[in-house]
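Remarks on the structure that follows.
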2 protein chains.
Amino acid sequence: MCADKSQAVNLAQDRRKRVILDAARTLFIEKGFEQTSLDMIIARTGGSRRNIYDLFGNKEGLFEAVMKDQLGRILSGTHVPKSAEDGVSIQSQLEAIGTEFLMGLLQPTVLRTLRQFIVAAGERPDLGQQAYAAGPAVLYERLETYFSALVAEGKLDLPDVEVASRALTEMIKGGLELKAMMTGDYEVSTKQIRRQVSKAVLLFLHGALPR
Amino acid sequence: MCADKSQAVNLAQDRRKRVILDAARTLFIEKGFEQTSLDMIIARTGGSRRNIYDLFGNKEGLFEAVMKDQLGRILSGTHVPKSAEDGVSIQSQLEAIGTEFLMGLLQPTVLRTLRQFIVAAGERPDLGQQAYAAGPAVLYERLETYFSALVAEGKLDLPDVEVASRALTEMIKGGLELKAMMTGDYEVSTKQIRRQVSKAVLLFLHGALPR
DNA sequence: CTTTCGTGGTATTTGCCAGTACCGTCTTGC
DNA sequence: GCAAGACGGTACTGGCAAATACCACGAAAG
């Protein structure tokens, strides 16, 4: 009877939600929760405050919705193979994984989002935990299973796969993440990224001791 | 003539400054700039708002003073030798440096301070840049000169000393820093720290490839 | 045509807090 | 012991923004 109508309404609401989320995302990611007022968001979406309160409850609800939405967007990148591909050197594979990962991470939007998660984690621990579990933790795990496969094949020698996966991830980042978040310098050239990744992978594979 | 007096006054002011800084530090580090009101600080120091405005100008001035003060405190730790000590294996030396560094870094106070620097960097880029230059950057440099010495002696084989110093630092941290800042879990056991450091150093020295 | 619901726009309420002003008190140097 | 400046306490002001209430309009249903 009213199925058509309620569906139509839901569709309309979904569109409205998207518009608000998109506008709010830009502001929240750029300026943060405190520095963004609802009026700024409304100024971009048009419409009225009632939209926000009807759809998201309050400002905090909107913020969480935005951040969880961002989580989904960002994590869709970064592939890590389950096992070694034949015919490709491990070095090349690691470089490929690392470059893809680092290019994804060092986008200004991603870094800003990460920053906002850290800021938000102070007031809203759940959100930070969720973000960590869905972000870095997942990457570590994928890399672990990949490494386990390589170790089983005798292609790598890693006494502790967990430590190794974290180590490689971090040495690929090379502190660029922290630097960006502290200095606000979000621009890194792709050339720099490739250089960084290839050197980190070489060091990871061969170690620092002379042969 | 009034040398005594002015000095006495200065001493008194210095004491007052310290009291305010100490009280403000706890609150700023714990709750952050926005969530800390001057009334909270005054409630701990006793005294009146005039102290703060006379001594620090305004709330922001107080915050910056606190953060710079924290910088000084934290950085007084962490020694890195200029060159290799004879009779001690490189592995032991790196483990010693790494453990000291990581134990220093993973104190709740230090992590919270770092978090606040990141938060503050959004509004006050200068402060973040200063903190980065005085913190991580210094550590990297020290490690670089140390590595350069080891390479010159033929004890290490590092094509890029800068990348290597960043890599070791980051793999020693192993993402624990980021995890703490995102999840709010600031407690890491010293046992875990030693384990983490020793495995990271081994991997750094020998690499992942089988011999 | 009218009622009703969803919605845009705006005014109001409420609370918070930085910054300032004012007054009373206490210390300090003469 | 007495001026003068320093300091504690508190009230006041101004501004901002979240949350709510209220009004106006347009579209769909009866």
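Chain A is the first sequence line, chain B the second, and so forth, proteins listed ahead of strands; every chain is numbered from 1.
Judged by distance alone, with hydrogens and angles left aside, B:Arg49 brings no side-chain donor or acceptor close enough to the base of D:dG9 to form a pair under 3.5 Å.
The residue B:Thr36 sits close only to the backbone: its heavy atoms come under 4.0 Å of sugar-phosphate atoms, none of a base. Heavy atoms of B:Asn58 sit under 4.0 angstrom from primed sugar atoms or phosphate atoms, though from no base atom. A:Asn51 comes within contact range of the sugar-phosphate backbone alone, with a heavy-atom separation under 4.0 Å but no base atom that close.
Nearest-nucleotide mapping onto DNA chain D: of A:Gly57 and B:Ile42, the residue sitting toward the 5' end is B:Ile42. For the pair A:Lys59 and B:Arg50, both in contact range of DNA chain D, the more 5′-proximal nearest nucleotide belongs to B:Arg50.
Atom CZ of B:Arg15 and atom P of D:dA6 are 16 Å apart (whole Å). The interatomic distance linking B:Asp54 (CG) with D:dC7 (P) rounds to 8 Å, in whole Å. Nucleotide C:dC17 holds its P atom 8 Å from the CG atom of B:Asp39, rounded to whole Å. Distance, B:Gln35 CD to C:dA18 C1': 15 Å, rounded to whole Å. A straight line from CZ of A:Phe63 to P of D:dA17 spans 17 Å, rounded to a whole angstrom. Atom CE of A:Met40 is separated from atom C1' of D:dA18 by 13 Å (rounded to the nearest Å). Spacing between atom CG of B:Leu55 and atom C1' of D:dC7 amounts to 11 Å, rounded to whole angstrom units. The distance from atom CG of A:Leu62 to atom C1' of D:dA19 is 14 Å, rounded to the nearest whole Å.
Using a 4.0 Å cut-off between charged side-chain N and carboxylate O, B:Arg124 and B:Glu60 make a salt bridge. Of the charged side-chain nitrogens involved, at least one lies within less than 4.0 Å of a carboxylate oxygen, so that A:Arg166 and A:Glu162 count as a salt-bridged pair.
If you check the side chains of A:Glu34 and B:Gln35, you find a donor sitting under 3.5 Å from an acceptor. Donor-acceptor pairing under 3.5 Å is recorded for the side chains of A:Thr113 and A:Gln70.
A donor-acceptor pair under 3.5 Å is formed between the side chain of A:Thr145 and the backbone N or O of A:Arg142.
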